[in-house]
Amino acid sequence: IARQPSISPLNTDTPLDYASQVARLEAVKSGSPRRLTLTEKLLYSHLIISPEHRWTLDSIHRGKTSLRLRPDRVACHDATATMALLQFISAGLPKVAIPTTVHSDHLIVARNGAEDDLKRAELEYREVYEFLSSAAKKYGIGFWRPGSGIIHTTIFENYTFPGGLIIGTDSHTPNAGGMGMLGIGVGGSDAVDAMAGMPWELQCPKVVGIRLTGRLSGWASSKDIICKLAGILTVSGGKGKVIEFFGPGTQTLGATAMATVCNMSAEIGSTSCIFPYSEFMSRYLSATKRADIASLADIYKDILLTADEGSEQHYDEIIDLDLDTLEPHINGPFTPDLSHPLSQLKVAVSRSDWPVKVSHAMVGSCTNSSYEDLEKTKQLVNQAKSAGLHRVTTPFMVTPGSETIRATAEADGILQVLRDAGAVVLSNSCGPCVGQWDRTDVNVKERERNTVVSSFNRNFVGRHDSNPETCSFVTSPEMVTAFAYAGRIDFNPMTDSIPVGGSTQQLRFAPPTSVELPTNFSIGKDTYQAPQNDTAGLFVEIDPKSNRLQLLRPFDAWKQGSAKSMHILVKVRGKCTTDHISPAGPWYKYRGHLENISNNMLLAASNAFLPSDYSNMLGHAVHPLKQAPTILPIPEVARDIRDSGARWCIIGDWNYGEGSSREHAALEPRFLGGVAVIARSFARIHETNLKKQGMLPLTFDDAADYDRITKGDRITLVGVE
Ligand SMILES: O=C(O)C[C@@](O)(C[N+](=O)[O-])C(=O)O
Ligand code: SF4
């Protein structure tokens with residue numbers, strides 16, 4: 001293989017060196033004729049090879065072997081970067097060892113629209129942004145200021161390249177798979193391993209092959225691929241697996257459309273999700289001024305960037321998906337794997353107690369806020385306008401995924417069309433997706449029951465507005481837009497029409513067509529703070545009186561007997577995601593302050609030791625140290641047990657810690673005196689985060705033993721000293 005000139009993808013210091021990557025892969029293969037899946041090629045070509053670690057294909061067992069990897073990049077966002085950087089600071093190193101970026105996207109609260117919201121966030125979170133900016137300068141990290149865009153979109157536009165490996169302190173890092181790059185969500189301490197130049201360890205995943213045939217048509221979009229798959233594999237079906245697409249259908253989807261699929265793969269708990277290199281990726285690279293990468297990728301397509309012919313026999317499982325017959329899907333409420341094909345939605349709604357009226361429609365989040373997504377939304381709005389429907393009937397918010405997308409959509413007139421129809425264009429950020437939403441259209445305090453539809457990826461209880469009675473459905477941007485005009489969740493744009501007020505006319509939507517890329521991407525405002533070379537004289541300031549940032553102190557060392565006769569703080573009943581364990585939204589301000597954020601621990605969890613009709617008792621526990629039966633918020637009970645010198649554990653149900661990579665969900669129990677979480681099963685990222693923070697994540701050998709745990713029991717772990 002001719003040694004290609006090393007080139008750097010935009011904004012990164014690491015030259016793109018496919019030749020060395022292939023050399024590492026060949027060393028692992030050491031002449032074996034074994035056909036490799038794409039996932040194996042990408043992982044094995046990032047292994048750290050050393051005298052004591054000479055990998056061979058026979059020494060690697062999927063589902064068992066712990067791989068020692070060097071990612072090409074690390075990315076963090078402002079709701080996880082504070083804790084990651086505080087841990088990096090405690091490592092005492094002068095600079096990060098591999099290219100790292102921090103993205104300001106989670107803290108901006110959606111209320112009045114982009115300009116207002118951004119101004120307000122810059123005031124409200126000034127201290128956090130200054131910390132991130134100064135830490136980035138000090139440690140050689142790229143910093144994307146507020147307004148830049150959502151982390152995964154900015155990464156996609158600037159840093160992804162086919163064949164790469166990126167880890168991010170966000171569960172939706174697999175978004176990079178739309179560019180043939182393996183993206184894996186991790187907790188902050190895992191990211192710090194890589195930032196510090198240490199090996200990043202990952203249990204070698206199994207590989208599920210999804211054979212795509214046919215081509216999308218009509219109202220079907222790439223979002224429906226992952227919504228359908230979520231229904232098949234469920235929220236825990238992907239654990240310890242990479243979802244690898246293959247087959248002719250993979251050559252029919254745009255790069256950002258593939259990213260949508262990979263992004264939402266986090267909802268089935270998979271380690272990552274990947275598509276093979278395609279001309280769509282090449283076109284996207286060229287459109288984002290990275291044609292040089294595309295020309296290199298063209299050379300390495302067969303040897304590195306696609307699965308070997310005949311490697312499908314090495315998939316651990318194969319699922320067939322025919323795009324020709326794929327229909328739109330609407331998933332929810334309360335869980336992303338409750339999947340309704342559009343043709344069955346009306347019946348499902350009629351058999352449910354979900355409010356039929358749509359209270360809010362939202363296009364946005366890292367899953368669906370691309371140029372193609374906004375362009376499709378605009379097409380439907382123009383259809384409605386031509387039919388005489390000049391305004392949406394439902395409150396409608398639209399988020400551009402990045403400043404580049406915003407500037408391009410503005411230049412192409414897309415955003416103005418949406419505004420004229422009544423849409424509120426939000427800042428380029430996460431916003432309502434993760435509860436950063438100053439919602440006023442329903443009474444969330446009184447827990448008013450309502451239905452929202454979005455193009456997001458997650459719809460857990462209380463996720464958008466802390467209201468457990470908000471029934472949230474996720475679907476494609478085009479379906480969201482149709483619902484925004486219909487105003488009802490049982491609407492089917494393929495069969496139903498919408499009356500145009502005051503006339504006999506009816507609006508029957510035609511499916512939008514896909515405009516994969518703009519003629520030209522506009523650059524927009526410059527919001528990037530590049531890494532600096534000379535950082536010796538720089539310091540990171542943290543006000544000791546701050547209630548948002550707090551330097552980390554080492555946890556207490558293990559004390560003999562800590563696992564003896566532990567109190568059970570809570571026996572969690574049912575689904576317990578990281579949004580239940582460490583709620584986001586209003587708690588974001590404390591994400592850099594462990595003591596303060598620990599006051600939200602398990603506040604959204606249901607306690608099996610309390611009657612289930614105590615729904616207002618979410619996040620409460622029976623205090624084991626009080627004489628009279630006393631029910632208090634869980635963090636308070638945990639703190640009291642810790643301060644008494646005793647220790648406690650948590651009993652968890654299935655897929656404990658599902659969802660986000662926020663390691664606060666592991667830091668908080670450790671800080672408040674927890675020793676172990678004993679669950680029926682765990683989600684991958686959270687299980688790793690618990691270990692990294694010195695907690696014991698233990699799984700019942702017999703899941704039925706969960707039912708034998710009763711109030712008042714004490715737990716002793718034998719043989720853990
Ligand atoms: O860190 C968070 O709080 C938000 C987040 O982006 C995290 N995540 O997915 O890992 C999410 O979507 O839950
Ligand atoms: S899922 Fe939502 S909160 Fe998480 S990164 Fe994407 S847009 Fe942000």
Side-chain angles (χ1 to χ4, degrees), residues 75-84 102-110 144 146 148-156 167-176 183-188 190-191 226 235 259-260 262-267 269-270 336 362-370 373 397 399-402 405 426-437 454-464 466 472 474 577-592 597 600 604 657-668 683-686 688-689:
C76 309
H77 58 65
D78 50 3
T80 50
T82 37
M83 205 50 89
V102 169
H103 302 258
S104 309
D105 55 359
H106 280 67
L107 300 182
I108 300 164
V109 176
W144 290 87
S148 301
I150 303 169
I151 176 171
H152 306 304
T153 311
T154 304
I155 288 169
F156 204 73
I167 62 174
T169 57
D170 190 278
S171 64
H172 298 101
T173 304
N175 187 80
I184 300 179
V186 296
D190 268 40
I226 188 63
V235 291
T260 294
C262 297
N263 175 289
M264 192 170 161
S265 70
E267 305 323 312
S270 53
M362 299 172 274
V363 168
S365 104
C366 53
T367 321
N368 279 110
S369 54
S370 68
D373 293 327
M397 295 194 284
T399 299
S402 72
I405 293 167
L426 299 178
S427 63
N428 316 321
S429 60
C430 304
C433 174
V434 75
Q436 292 295 69
W437 181 13
S454 80
S455 69
F456 305 159
N457 47 37
R458 224 165 243 172
N459 56 10
F460 299 146
V461 169
R463 169 118 174 137
H464 311 309
S466 307
S472 169
V474 294
T577 73
T578 44
D579 277 302
H580 292 81
I581 305 169
S582 177
W587 289 92
Y588 266 153
K589 58 177 77 72
Y590 301 122
R591 277 279 182 99
I597 196 153
N600 79 348
E658 170 188 350
S660 154
S661 70
R662 63 191 78 158
E663 65 187 333
H664 304 76
L667 280 159
E668 295 174 34
R684 170 187 69 89
I685 302 178
H686 187 59
T688 303
N689 287 346

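Both ligands and their constituent atoms are indexed starting at 1 by order of listing. Every value quoted in this text rests on a predicted model; they were computed, and no experiment measured them.
- Residue, atom and distance of the protein heavy atom nearest to atom 9 (O) of ligand 1 are Ser171 OG, 2.7 Å.
- For the residue pair Ser171 / Arg458, a side-chain donor-acceptor distance below 3.5 Å is found, with atom types taken as modelled.
- The proximity of Asp170 to ligand 2, defined as any non-hydrogen pair under 4.0 Å, is limited to the side chain.
- Looking at atom 2 (C) of ligand 1, its nearest protein heavy atom turns out to be Tyr588 OH, 3.2 Å.
- Atom 6 (O) of ligand 1 has as its closest protein heavy atom Asp170 OD2, 2.5 Å.
- In Arg463, the part holding a heavy atom less than 4.0 Å from any atom of ligand 1 is the side chain.
- Here Arg662 pairs with Asp579 in a salt bridge; the nearest charged N to carboxylate O distance falls below 4.0 Å.
- Less than 4.0 angstrom separates some heavy atom of His77 from each of these atoms of ligand 1: 1 (O), 6 (O).
- Of the polar atoms of Ser661, at least one N or O is found under 3.5 Å from an N or O of ligand 1, judged by distance alone.
- Neighbouring protein atoms of atom 2 (Fe) of ligand 2 (N, O or S, distance under 2.8 Å, waters ignored): Cys433 SG.
- Side-chain atoms of Thr173 do not come within 3.5 Å of backbone N or O of Thr169 as any donor-acceptor pair.
- Listed by atom number, the atoms of ligand 1 under 4.0 Å from His172 heavy atoms are 9 (O), 12 (O).
- Side chains of Cys433 and Arg463 form a contact here, defined as non-hydrogen atoms less than 4.5 Å apart.
- With His152 as the fixed residue, the side chain to side chain donor-acceptor pair (under 3.5 Å) test singles out one of Thr367, Asn175, Asp170: Asp170.
- Using a distance-only test at 3.5 Å, with no hydrogens or angles considered, no donor-acceptor pair links the side chain of Thr578 to the main chain of Ile581.
- Under the 30°/60° scheme for interplanar angles, the aromatic rings of Tyr588 and His106 are found to stand perpendicular.
- Contact of the Asn457 side chain with the Cys366 side chain is registered, since non-hydrogen atoms from C-beta on lie closer than 4.5 Å.
- At under 3.5 Å, a nitrogen or oxygen of His106, whether backbone or side chain, sits near a nitrogen or oxygen of ligand 1.
- From the protein, the heavy atom lying nearest to atom 3 (O) of ligand 1 is Arg591 NH2, 2.5 Å.
- With contacts defined as side-chain heavy-atom distances shorter than 4.5 Å, the pair Asp78/Asp105 qualifies.
- Atoms of ligand 1 lying under 4.0 Å from any heavy atom of Val434, numbered from 1 in the order shown and given with element: 4 (C).
- Counting all heavy atoms, side chain and backbone alike, Asp373 lies closest to Ser369 at OD2-N, 3.1 Å.
- One N or O on the side chain of His664 and one on the backbone of Arg591 form a donor-acceptor pair closer than 3.5 Å.
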